[in-house]
Amino acid sequence: MTADSRTASRTAPPAPGTLWSRLAVPGGVLAAVAGAFAYVGAVDPNQPGHYPVCPLYRLTGLYCPGCGGLRSAHAFVHGDLTAALHDNALGVAAYLGFAVLWVVWAVRAVRGRPVRTSLGPAQMWAVGAVLLVFTVVRNLPFGGWLRP
């Protein structure tokens, strides 16, 4: 194989059949997430009786990192970014982070490249620290602006 044929094979577009098969899993994940957001957008979590109460909040009165997440998703679906950030700012960051990661995943799938999602110990500790700090601050008196 010559250098020119190797370059041409790398830049050639994928065959149509393989393109759809490469996008099957990212497309399925996107469909599931879109379906969940559509359901939460249609069934208002601000109305009592539609969703269960957070068990941690019910037992202790403390807000977990996910408290307000359904209300945040509902507001996000309806385009009310201010209410979404008020209900769960970390949730909005997670929605946007998921969107970015999904686009990277889909682009890499189209190109036929694997997605490398290995988080090292430092990244895992950082995520845990952010969740812990968010949880502690939203339950302290001065963190009232982070409460749902």
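By convention here, the first residue in the shown sequence is residue 1. The figures here come from the full heavy-atom set of this structure, side chains too, leaving out hydrogens, waters and symmetry mates.
One hydrophobic cluster, built from ILVMFWY side chains closer than 4.5 Å, cannot hold both L101 and L119; they sit in different ones. Hydrophobic clustering (ILVMFWY, side-chain heavy atoms < 4.5 Å, transitive): V136 and V130 are in one cluster. By the criterion of side-chain heavy atoms lying less than 4.5 angstrom apart, applied directly or through intervening Ile, Leu, Val, Met, Phe, Trp or Tyr residues, V104 is not grouped with L96; the two fall into different hydrophobic clusters. Both V107 and F98 are assigned to one and the same hydrophobic cluster, defined by single-linkage of ILVMFWY side chains at heavy-atom distances under 4.5 Å.
The side-chain contact (heavy atoms from CB on, under 4.5 Å) search around C54 returns L56, Y57, C64, C67, not counting sequence neighbours. Remark: H74 pairs with H78 by the ring-ring contact (aromatic ring centres under 6.0 Å, His included) rule, at least two apart or across chains. With sequence neighbours excluded, no residue forms a side-chain hydrogen bond (donor to acceptor under 3.5 Å, both in side chains) with D80. The ring-ring contact (aromatic ring centres under 6.0 Å, His included) check on F134 picks up nothing, with sequence neighbours excluded. Not a single ring-ring contact (aromatic ring centres under 6.0 Å, His included) links Y39 to another residue, sequence neighbours left out.
Considering CG of L131 and CG of L90, their distance stands at 6.0 Å, rounded to 0.5 Å. Between F76 atom CZ and N88 atom CG the span is 12.5 Å, to the nearest 0.5 Å.
Looking only at side-chain heavy atoms (C-beta outward), V137 and F142 come within less than 4.5 Å of each other.
The two residues P45 and V40 have their closest heavy-atom pair at CD-O, 4.0 Å. Taking all atoms of both residues into account, the shortest heavy-atom contact from T135 to Y63 is CG2-O, 3.5 Å. Shortest non-hydrogen contact noted between S72 and V92 is OG-CG2, 3.5 Å. For the residue pair P148 and G68, the shortest heavy atom distance occurs at CB-CA, 3.8 Å. The shortest heavy-atom contact between R138 and L146 is NH2-O, 3.0 Å. Minimum interatomic distance between V110 and R22 (heavy atoms only, all atoms of both residues): O-NH1, 3.1 Å.
With Q47 contributing its side chain and D44 its backbone, the two residues share no donor-acceptor pair below 3.5 Å.
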Could you go through residues 23-30 and list every donor-acceptor pair under 3.5 Å that involves a side-chain atom there, pairing it with any protein atom two or more places apart or in another chain?
none

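Around CH2 of W125, the count of heavy atoms belonging to other residues, nucleotides or ligands within 6.0 Å does not exceed 12.
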